[in-house]
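In what follows, a structure is listed as structure tokens, so that the remarks can point back to it.
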Protein chains: 2
Amino acid sequence: MKFKPSDSELEILQILWKQGASSVRSVNEELNKNREVGYTTTLKIMQIMAEKNLVTRNTDSRTHIYTAAVNEAEARQNLLEKFVDTTFRGSAMSLVMQALGNHKASAEELAEIKDLIRKMENDAD
Amino acid sequence: MKFKPSDSELEILQILWKQGASSVRSVNEELNKNREVGYTTTLKIMQIMAEKNLVTRNTDSRTHIYTAAVNEAEARQNLLEKFVDTTFRGSAMSLVMQALGNHKASAEELAEIKDLIRKMENDAD
DNA sequence: TAGTAAATACGAACGCTTTCGTAATTTATG
DNA sequence: CATAAATTACGAAAGCGTTCGTATTTACTA
């Protein structure tokens, strides 16, 4: 899978994943909560994303409705693997340690992780 | 800190971090273990990196020696934060869980993580 | 010293992303 | 029906990264 969305594209995918099928206007409004983006800029990028098959669009009504064409979990996994390779030289454990170390986790979160570890240890048997 | 190296730049930084101060030729040879890159291409990118202060260079001898000007641990931390924001919507814990879940960890690695968690739980007191 | 090899410097080209102005089209409103 | 408003379509420009050909400089060698 060669999945390498640009910054803007990933930003838009996040919005589509979060709020589901959306119009350009809706996505643009969401984007503008963080930074100023012109409407036609958002439109253009989403049109390009459609060409690349990152999204699909329903053009039945005048206002086109866009839907993410890639699965969120898969995309995350894919990006995570690449990130581990490029930034942590392939060591997922280094990444986990660093992410854990520099984040104040709540007791609940820590419990969750311990649970996962316990499961992994059992699977190893 | 506005640290946003390009793919090539990060690749070169990794090499400099790993093998320390290096000549362009040395870096280029290392790059060519993965993919074909022209010598002048590598040279050009490293020159640009020097302009951006991503690296420093010693020009005393004819063969210039380049050194990473950014700290590896800090750079990783910085990139990690951005990655969590853009790909995991800010949730470091989601990232940890996903990275852990999709990686077969050895008993030693799991022990290491448990150690870290134990320390974090104590710090919380 | 002349010639060759190695290294740096320079500049141009190409592709991709982002941005935006403007035109064309469609829908709603008075 | 005529006008306004909203939307899509189109194209161009600017910026950045990457690549590479070529010129220039430097050092070594026969």
Side-chain angles (χ1 to χ4, degrees), chain A residues 2-16 21-67 69-70 75 79 82-83 86-87, chain B residues 2-16 21-70 75 79 82 86-87:
Chain A
K2 46 171 183 193
F3 175 59
K4 209 186 178 210
S6 72
D7 289 351
S8 295
E9 288 169 349
L10 182 53
E11 218 177 340
I12 289 173
L13 281 178
Q14 295 285 5
I15 293 173
L16 292 180
S22 309
S23 66
V24 173
R25 179 143 310 276
S26 160
V27 169
N28 184 247
E29 277 167 10
E30 195 64 23
L31 283 176
N32 273 278
K33 287 181 182 169
N34 300 325
R35 56 195 182 84
E36 206 170 303
V37 196
Y39 176 81
T40 55
T41 299
T42 302
L43 170 65
K44 180 73 162 186
I45 294 177
M46 292 178 75
Q47 285 172 338
I48 292 174
M49 291 173 77
E51 280 176 17
K52 296 180 181 172
N53 296 316
L54 286 177
V55 297
T56 57
R57 63 174 173 175
N58 181 325
T59 59
D60 289 350
S61 61
R62 180 164 83 112
T63 303
H64 298 178
I65 299 299
Y66 289 74
T67 308
V70 292
L79 294 172
K82 279 176 194 148
F83 182 69
T86 57
T87 306
Chain B
K2 47 172 181 188
F3 175 59
K4 208 188 178 209
S6 72
D7 289 350
S8 295
E9 287 169 348
L10 183 52
E11 218 177 340
I12 289 173
L13 282 177
Q14 296 284 4
I15 292 173
L16 293 179
S22 309
S23 66
V24 173
R25 179 142 312 273
S26 160
V27 168
N28 184 246
E29 275 166 11
E30 195 63 23
L31 284 176
N32 273 278
K33 288 182 183 170
N34 300 324
R35 56 195 182 86
E36 207 169 303
V37 196
Y39 176 82
T40 56
T41 299
T42 302
L43 170 65
K44 179 74 161 186
I45 293 177
M46 292 178 76
Q47 286 172 339
I48 292 174
M49 290 174 77
E51 281 176 16
K52 295 181 182 172
N53 297 316
L54 287 176
V55 296
T56 57
R57 63 174 173 176
N58 182 324
T59 60
D60 288 350
S61 62
R62 180 164 82 112
T63 303
H64 298 178
I65 300 298
Y66 290 75
T67 308
V70 293
L79 294 172
K82 279 175 193 148
T86 57
T87 306

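Note on naming: letters A, B, ... go to the chains in the order of the sequence lines (proteins, then strands), and numbering restarts at 1 for each one.
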Just the rounded figure in Å: distance from P of D:dC10 to CG of A:L43. 11 Å
Heavy-atom pair with the smallest gap, counting every atom of A:L79 and A:P5: CD2-CD, 4.3 Å
When the distance from NZ of A:K4 to P of D:dG17 is rounded to whole Å, what number comes out? 12 Å
Looking only at C:dA7, D:dT7, C:dT18, the nucleotide nearest the B:R25 side chain is C:dA7
Does A:S8 put a side-chain nitrogen or oxygen below 4.0 Å from OP1 or OP2 of C:dT17? no
Both A:I45 and B:H64 contact DNA chain C. Which one's nearest nucleotide lies toward the 5' end? B:H64
In short, A:S22 meets A:S26 closest at the heavy-atom pair CB-OG, 3.9 Å
Could you give the CZ-to-P distance, from A:R57 to D:dT7, as a whole number of Å? 15 Å
Find the distance A:L10:CG to C:dT18:C1' and express it as a whole number of Å. 16 Å
Applying a 4.0 Å non-hydrogen cut-off, can you work out what A:T40 is touching in the nucleic acid: base, sugar-phosphate, or nothing? base
With a cut-off of less than 4.0 Å, is there a side-chain N or O of B:Q47 near OP1 or OP2 of C:dT8? no
Scanning both residues in full, the closest heavy-atom pair of A:L16 with A:Y66 reads CD2-O, 3.8 Å
Report yes or no: is there a donor-acceptor pair, N or O only, under 3.5 Å between the side chain of B:K44 and the base of D:dG17? no
Residue-phosphate contact under 4.0 Å: B:T41 side-chain N/O, D:dC20 OP1/OP2: yes
Rounded to whole Å, how long is the line connecting atom NZ of B:K2 with atom P of D:dC16? 11 Å
5'-most contact on DNA chain C (nearest-nucleotide basis), A:D60 vs B:T63, goes to B:T63
Is the shortest heavy-atom distance from the side chain of B:D7 to the side chain of A:K4 under 4.5 Å? yes
Taking 4.0 Å as the cut-off, does a side-chain nitrogen or oxygen of B:Y39 come that near to OP1 or OP2 on C:dT8? yes
Interatomic distance, A:F83 atom CZ to B:T86 atom OG1 [nearest 0.5 angstrom]: 8.5 Å
Looking at C:dC16, I'd like to know if its phosphate oxygens (OP1 or OP2) sit under 4.0 Å from a side-chain N or O belonging to A:K52. no
Side chain of A:S6 only, please: which of C:dT18, C:dC10, D:dT8 is the nearest? C:dT18
D:dA12 C1' sits how many Å from A:I48 CD1, rounded? 13 Å
A:D7 CG - D:dG15 P separation (whole Å): 19 Å
Shortest non-hydrogen separation from A:E9 to A:M49 and the atoms involved: O-CE, 3.5 Å
Check this for me: does the side-chain of A:R62 come within 3.5 Å of the base of D:dA6 through a donor and an acceptor? yes
Between C1' of D:dT7 and CG of A:N58, the distance in whole Å: 15 Å
Atom of B:M46, atom of B:V55 and distance for their closest heavy-atom approach: O-CG2, 3.9 Å
Could you note down all residue pairs passing side-chain hydrogen bond (donor to acceptor under 3.5 Å, both in side chains) where residues 38-48 of chain A supplies at least one of them, sequence neighbours left out? A:N28-A:T42
Strictly below 4.0 Å, heavy-atom distances to any atom of DNA chain C: list the hits from residues 28-36 of chain B, or just say none. none
